[in-house]
Colleague: 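Sharing a structure with you now.
Computed from heavy atoms alone, side chains included, the values below leave out hydrogens, waters and symmetry copies. Model, not experiment: these values are computed from the prediction.
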Amino acid sequence: MPKRDSTVRGRELGAGIRAAIEKAGLTGRGASHLAGWDPAKLSDLMNGMGGISEHDLIRLLGVCRTPLEESDHLLTMFREADRSGWLQIHGERSPGWPRTLGDNEKVATEIIHWSTHLIPGLLQLPDYLRALIAGNPNSPAEEADERVATRTARQQHLINRHCAMTFYIHEQALHLPIGSPELMSDQLDHVMTMGRRSYITYRIVPTSTGAHAGTAGSFTFLKFDALKPVVFIDAENHGVYLDDKASVEAYSRILMALDRTALSVEESKELINGIIS
């Protein structure tokens with residue numbers, strides 16, 4: 001089978017195959033040997049570039065004794081792996097850590113986030129998130145602890161990886177009162193504290209700018225070493241992943257424009273300090 005360009009679906013397939021091999025207690029080379037494959041063939045598959053038939057995949061999943069539900073999921077991914085773009089509808093509400101987003105965050109080399117009206121999720125304090133959950137009729141109070149723990153795990157994972165992260169934040173997010181005044185003060189202080197890490201940068205787009213490149217809404221731009229970038233747009237009960245060339249180029253232009261518009265790191269710090277005081 002010919003290789004294909006890597007897509008978000010293809011990468012999720014690759015991540016699922018990697019997890020199946022690990023759960024089986026095998027190495028990539030060991031799994032390749034049992035399946036009768038060249039190890040390079042498995043490497044291409046795990047990088048989302050295909051090169052196998054459905055029969056090949058079924059054989060590999062059998063070698064790994066992958067549970068039926070997960071096998072069905074991976075086979076579905078295989079059949080759709082060459083399709084670019086992905087709308088994932090979650091039902092009443094998005095999960096705390098969508099599988100696809102998690103798989104991409106784990107291997108991203110750089111994450112750039114633009115936020116129009118909230119402190120970005122990866123910079124949120126637990127109590128800030130709790131206040132957001134309390135104000136959302138689709139997020140049951142009994143799920144608050146689980147969602148906070150999941151978000152904290154996501155934050156810690158990226159911090160431990162020293163993943164490069166840049167956050168463009170509109171000034172209105174600094175003024176929107178989430179929780180008590182004390183909580184907002186702590187939250188803004190936390191943003192500045194996180195910004196002291198060499199791999200984390202925050203830049204504020206001031207309200208005085210007026211119309212700007214990011215008015216269409218918040219998004220996350222993920223970059224990778226040897227794979228195409230992915231744009232993730234998060235909504236109430238669905239997420240959208242964009243990996244086609246035109247979309248990636250369009251959102252790249254938005255980021256370049258925001259970079260020109262946003263205050264410098266030092267100016268952003270001064271603005272936040274002025275709000276806190």
Side-chain angles (χ1 to χ4, degrees), residues 90 92-98 101-102 105 111-159 165-197 200-210 212-221 232-240 254 258 261-263 265 267-277:
H90 304 298
E92 292 183 354
R93 55 192 172 276
S94 294
W97 192 355
L101 179 60
E105 285 181 343
I111 296 175
I112 307 172
H113 184 81
W114 158 240
S115 183
T116 57
H117 61 282
L118 293 174
I119 301 300
L122 293 174
L123 294 179
Q124 290 174 6
L125 287 172
D127 285 345
Y128 185 96
L129 177 56
R130 287 182 186 280
L132 291 176
I133 292 171
N136 187 336
N138 293 321
S139 295
E142 59 268 22
E143 292 185 3
D145 288 343
E146 179 183 354
R147 287 178 173 269
V148 168
T150 299
R151 173 69 58 76
T152 301
R154 280 180 62 198
Q155 293 170 336
Q156 200 58 49
H157 170 78
L158 292 168
I159 289 171
M165 291 181 277
T166 300
F167 299 94
Y168 292 101
I169 309 169
H170 196 279
E171 184 182 353
Q172 64 187 4
L174 310 180
H175 295 284
L176 185 65
I178 304 297
S180 67
E182 292 75 20
L183 170 57
M184 279 304 300
S185 179
D186 289 344
Q187 177 61 75
L188 296 182
D189 184 66
H190 179 68
V191 170
M192 292 197 296
T193 298
M194 294 296 288
R196 294 179 189 142
R197 300 173 186 266
I200 296 178
T201 301
Y202 64 88
R203 307 256 317 271
I204 308 302
V205 174
T207 303
S208 59
T209 299
H212 54 80
T215 52
S218 304
F219 63 90
T220 302
F221 195 97
F232 172 63
I233 302 170
D234 193 18
E236 180 62 27
N237 69 336
H238 65 275
V240 178
I254 291 174
L258 289 173
T261 302
L263 300 175
V265 172
E267 290 170 333
S268 298
K269 179 181 177 180
E270 290 176 1
L271 176 60
I272 294 178
N273 267 327
I275 295 172
I276 293 176
S277 59

Colleague: When rounded to the nearest 0.5 angstrom, what is the spacing between NE2 in His175 and CD1 in Ile275?
Modeller: 3.5 Å
Colleague: Is Trp114 close to Leu258 at the side-chain level, that is, under 4.5 Å between some pair of heavy atoms?
Modeller: yes
Colleague: Ignoring hydrogens, what is the shortest heavy-atom contact between Gly214 and Thr116? Give both atom names and the distance.
Modeller: O-CG2, 3.7 Å
Colleague: Determine whether a donor-acceptor pair (N or O, by modelled atom type, separation under 3.5 Å) exists between the side chain of Arg203 and the backbone of Ala262.
Modeller: yes
Colleague: Look up atom CD in Gln187 and atom CG in Leu125, then write down how far apart they are to the nearest 0.5 Å.
Modeller: 4.0 Å
Colleague: Between CD of Gln155 and CG of Leu129, what distance do you get to the nearest 0.5 Å?
Modeller: 8.5 Å
Colleague: Give, for atom CZ of Arg197 and atom CD1 of Ile159, the distance between the pair rounded to the nearest 0.5 Å.
Modeller: 5.0 Å
Colleague: Looking at every heavy atom in both Phe167 and Pro120, which two are closest together, and how far apart are they?
Modeller: CD2-CB, 3.6 Å
Colleague: Counting only heavy atoms not in Glu146 (residues, nucleotides, ligands), do more than 12 fall under 6.0 Å from its CD?
Modeller: no
Colleague: Which heavy-atom pair separates Glu105 from Leu158 by the least distance, and what is that distance?
Modeller: O-CD2, 3.6 Å
Colleague: Measuring from atom CG of Asn237 to atom NE2 of His90, what distance do you get when rounded to the nearest 0.5 angstrom?
Modeller: 8.0 Å
Colleague: For the residue pair Thr209 and Thr261, confirm or rule out a side-chain donor-acceptor distance under 3.5 Å.
Modeller: no
Colleague: How are the rings of His170 and His212 set relative to one another: parallel (under 30°), tilted (30 to 60°) or perpendicular (over 60°)?
Modeller: tilted
Colleague: Do Ile272 and Tyr202 come within less than 4.5 Å of each other through their side chains, counting heavy atoms only?
Modeller: yes
Colleague: Taking it one step at a time, do Ser268 and Val265 satisfy side-chain contact (heavy atoms from CB on, under 4.5 Å)?
Modeller: CA-CA 5 Å; Ser268 298; Val265 172; 5.7 Å; no
Colleague: On a heavy-atom basis, which atom in Leu118 and which in Ile169 lie closest, and how many Å separate them?
Modeller: O-CG2, 4.3 Å
Colleague: Please walk me through it: do Met184 and Leu174 pass side-chain contact (heavy atoms from CB on, under 4.5 Å)?
Modeller: CA-CA 8 Å; Met184 279 304 300; Leu174 310 180; 6.0 Å; no
Colleague: Show your working on side-chain contact (heavy atoms from CB on, under 4.5 Å) between Ile133 and Arg147 and close with a plain yes or no.
Modeller: CA-CA 9 Å; Ile133 292 171; Arg147 287 178 173 269; 3.9 Å; yes
Colleague: Kindly give the heavy-atom pair with the smallest separation between Glu171 and Pro206, and that separation in Å.
Modeller: OE1-CA, 3.5 Å
Colleague: Decide yes or no for Ile178 and Ile119: does some side-chain heavy atom of the first lie under 4.5 Å from some side-chain heavy atom of the second?
Modeller: no
Colleague: Dump the intermediate steps for side-chain contact (heavy atoms from CB on, under 4.5 Å) on Leu101 and Phe232, then the final yes or no.
Modeller: CA-CA 8 Å; Leu101 179 60; Phe232 172 63; 3.8 Å; yes
Colleague: Is any side-chain heavy atom of Met165 less than 4.5 Å from a side-chain heavy atom of Leu122?
Modeller: yes
Colleague: Which pair of heavy atoms, one from Phe219 and one from Ile233, lies closest together, and at what distance?
Modeller: CB-CG1, 4.1 Å
Colleague: Does one side chain, of Glu236 or Asn136, offer a donor that lies under 3.5 Å from an acceptor on the other?
Modeller: yes
Colleague: When rounded to the nearest 0.5 angstrom, what distance separates CG in Leu188 from CE in Met192?
Modeller: 7.5 Å
